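Worksheet for the structure shown next.
Just so you know, these numbers use all the heavy atoms, side chains as well, and skip hydrogens, waters and symmetry mates. Just so you know, ligand 1 is whichever comes first in the structure, and atom 1 is the first atom listed for that ligand. Residue numbers start at 1 and run along the sequence shown. None of these values were measured; they are calculated from a predicted model.
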Amino acid sequence: MKLTDAQMQFVEDLLNKMTLEEKVGQLNQDSPSIVGGFDVPFEELIEMLTDGRISQEEFGKIMATAERDFHEDDIRAGMVGAVMGNDPVKANELQKIAVEETRLGIPLLMGFDVIHGLRSVFPIAIAEAGSFDDDLMERTAQMAAKESRAYGINWNFAPMLDVARDSRWGRVSEGPGEDPFLASRFARAKIKGLQTNNEATDSYVAACTKHYVAYSACEAGRDYNTTTMSTSQLYNVYLPTFKAAMEEGACSAMASFNDLNGVPCTVNSYTLRDILKGELGLKGFVVSDANGIRECVTHGIAEDDVDAGIQALNAGLDMDMGTRIFYNHIAQAVKDGKVSMETLDDAVRRILSVKVWLGLFENPYVPQDVIDAYSKALPAEHVALCEEAAEKSIVLLKNEDKLLPLDKSAKVTVVGELADRADEVVGAWSLAWEKDDCVSIKAGLEAAGVSFEYYPVCGPEGDLNADELKAAIESDSDIVIAVVGEYTSMSGEASSKADITLPGHQQEMLKKLVAAGKKVVSVLMNGRPLALGWEAEKLPAIIEGWHLGIQMGTAITKVLFGDVNPSGKLASTFSSVNGQEPLYYNHPNTGRPGSKSKFTSKYLDAPIEPCFPFGYGLSYTTFEYSDLKLSETKDDVVANFTLKNTGDVAGAEIAQLYMQDVTASLVRPVRELKAYERVQLNPGEEKQLTLSLRKCDMGFYNNAGKYVCEDGLYRIYVGGNSRDTLEAEIRVQFK
Ligand code: BGC
């Protein structure tokens, strides 16, 4: 986000005209409240949902039938800076009040969670990161931005940049996986895609990077839980994605719910003022997460709402999402001298700057022709991009005896309730999909003309239908395609799980099919890495399909029958059993790395190795790496090697380079991803490849938060995943 001198002057002039109340109004992100239609006040309804008296489904029904109060009078009084929503007609109405009926005509930010597409739902982030295709990540973000603007949204609560190492945490689905390097490339691509305008009508949005910071390090994977870590870990693992996003000019950030080393991130001046606004140079503003300011009272760090609001604003939090604490208390706090006018002005300046950068003062409304265009069928280019993203995100985990791809004449039986759930392809945080756009796996197979018998048998919850299982077993088929996994609601916010094996009776179904001698191809639909020990051992073929978005069925069908050769890789390590979590490839070395010997770092009753390592994914062809040679230029360490397609079909491989700092002043990871490239090769074709590693990227942050590059021995690994690699060593001197 860069403003011209004239734009900066415009912001200053506006600020000078504002009353104290109008300034406070800009810090208020209002949520529409619900009126009428039910007997209890809205606050109690939320409590009933939170304490389990009503289910999510019942709550959803009430909300869908309730009327919304958008607080038009408050908008008119200049007391609202931002709202949430995805209805362009309503957005235009509210924007009109803000622009035409307030004293200063300041337009509204319209925020919404567009995490992996809006109506065009792309794969969930953990899946898309596995495409290792930065250009794709940017294009999907660009399309999401274009659709957002058409829906009246100008501020996306995305990208979610939490590097996540514990698959019990439900929100692993929303982010780009466990590796800071891959996740930082994802961050850059997303900021470019969201914040660049490539169309005649404004089609860019302000990104909101989240959740700042270390939210994913919640203890034991329990959402909202406490986080404790060293400065070095914070800087090396959890900050790089935000650093990358700020370097690309991200407009805003959302403070996370968790406390970090005892200080909630909502009121944490070290992470907000010193690091985010200071070192990382955020030019825009910080918003709390929903209800985050009030939760500082529950954290036990603030006495009441007033105290929480004052602490938050003073710590560098600029906008209040949803509690109205700033709205209710900050004007008085300024009068009482508890918040300085300078602090308030800084927050308002940041928010106004984003509005100016978005062009909202010139073009606050969604043009009617744009609204009309989106009330029709989804344009073909949107569908095509959804399909491309889904295809590139599919990971082939196992393919014994080349069982896949299937022959189109094979006799096929399909089992699993999820195969026929068009509404389950979208994944967590999909809020504007339309059922007619969604292609289930069953529908994908039908559209491709595959003839098959289908028995749902069971899903992630509920009973197993013994009759259907019997019919599937007795069916005259060569292959059983078993679509198994998780419902969308089983990952995302507040969806931590202690058991991350296949839920419900799905494994039992698979066991019975295998016991009956069926060849089972398992297609997984899931939002988190599952513990797949049994499946990896007993099933001949496994496709990781994640929640791939609206074109899931089309993409999976093409992979099953070989029209598309899978090329995705895992952006996260997969465990064999639950108790291995958190499990991640770039862990620090110990003095006793796990081995056969008893007195080493391991479990007595579970493997120490992952079921599938980070970066892993097969293809219908095979790739061979050879001739790794390292050399050095003034600025780079350069790895040259040969990559050959040794199979008989064309395919894409993601060549990966890892580094280990063998001796350092702090214990460093056993290996760290430092470069990758997607390479397309024909059968028999080989290429000489070069992956370079900038010397300035070979360092790490120490416990003073200082970046250091240390002379010494470095080991470089090159291969198709984080485990199976060639290796070579090089001594590097940095000065
Ligand atoms: C989530 C955020 C989200 C916000 C607004 C919160 O509960 O943690 O990720 O952006 O709600 O929907």
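Not a single heavy atom of Met160 sits under 4.0 Å from any atom of ligand 1. Contact between Phe112 and ligand 1 is absent, with no heavy atom of the residue lying under 4.0 Å from the ligand. Close to ligand 1: Arg171, with a non-hydrogen atom less than 4.0 angstrom away.
Using bins of under 30°, 30° to 60° and over 60° for the plane-to-plane angle, the ring pair Phe242/Tyr212 lands in the perpendicular bin.
Contacts with ligand 1 closer than 4.0 Å are made by no heavy atom of Glu174, backbone or side chain.
For atom 3 (C) of ligand 1, the nearest protein heavy atom (residue, atom name, distance) is Asp113 OD1, 3.2 Å. From the protein, the heavy atom lying nearest to atom 9 (O) of ligand 1 is His211 NE2, 2.7 Å. Of the protein's non-hydrogen atoms, the one nearest atom 7 (O) of ligand 1 is Glu493 OE1, 2.7 Å.
Not one N or O of Tyr215 is nearer than 3.5 Å to an N or O of ligand 1, by distance alone. Considering backbone and side-chain atoms alike, Asp289 places an N or O below 3.5 Å from some N or O of ligand 1.
Judged by distance alone, the side chain of Tyr204 and the main-chain N or O of Leu358 form a donor-acceptor pair under 3.5 Å. Here the side chain of Asp87 pairs a donor or acceptor atom with the backbone of Val89 at under 3.5 angstrom.
At a threshold of 4.5 Å between non-hydrogen side-chain atoms, the residues Val297 and Glu303 do not count as touching.
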Verdict with reasoning, Tyr224 to Trp169, per ring-ring contact (aromatic ring centres under 6.0 Å, His included): CA-CA 10 Å; Tyr224 317 118; Trp169 191 51; 9.3 Å; no

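The atoms of ligand 1 that sit less than 4.0 Å from any heavy atom of Lys210 are 2 (C), 3 (C), 9 (O), 10 (O).
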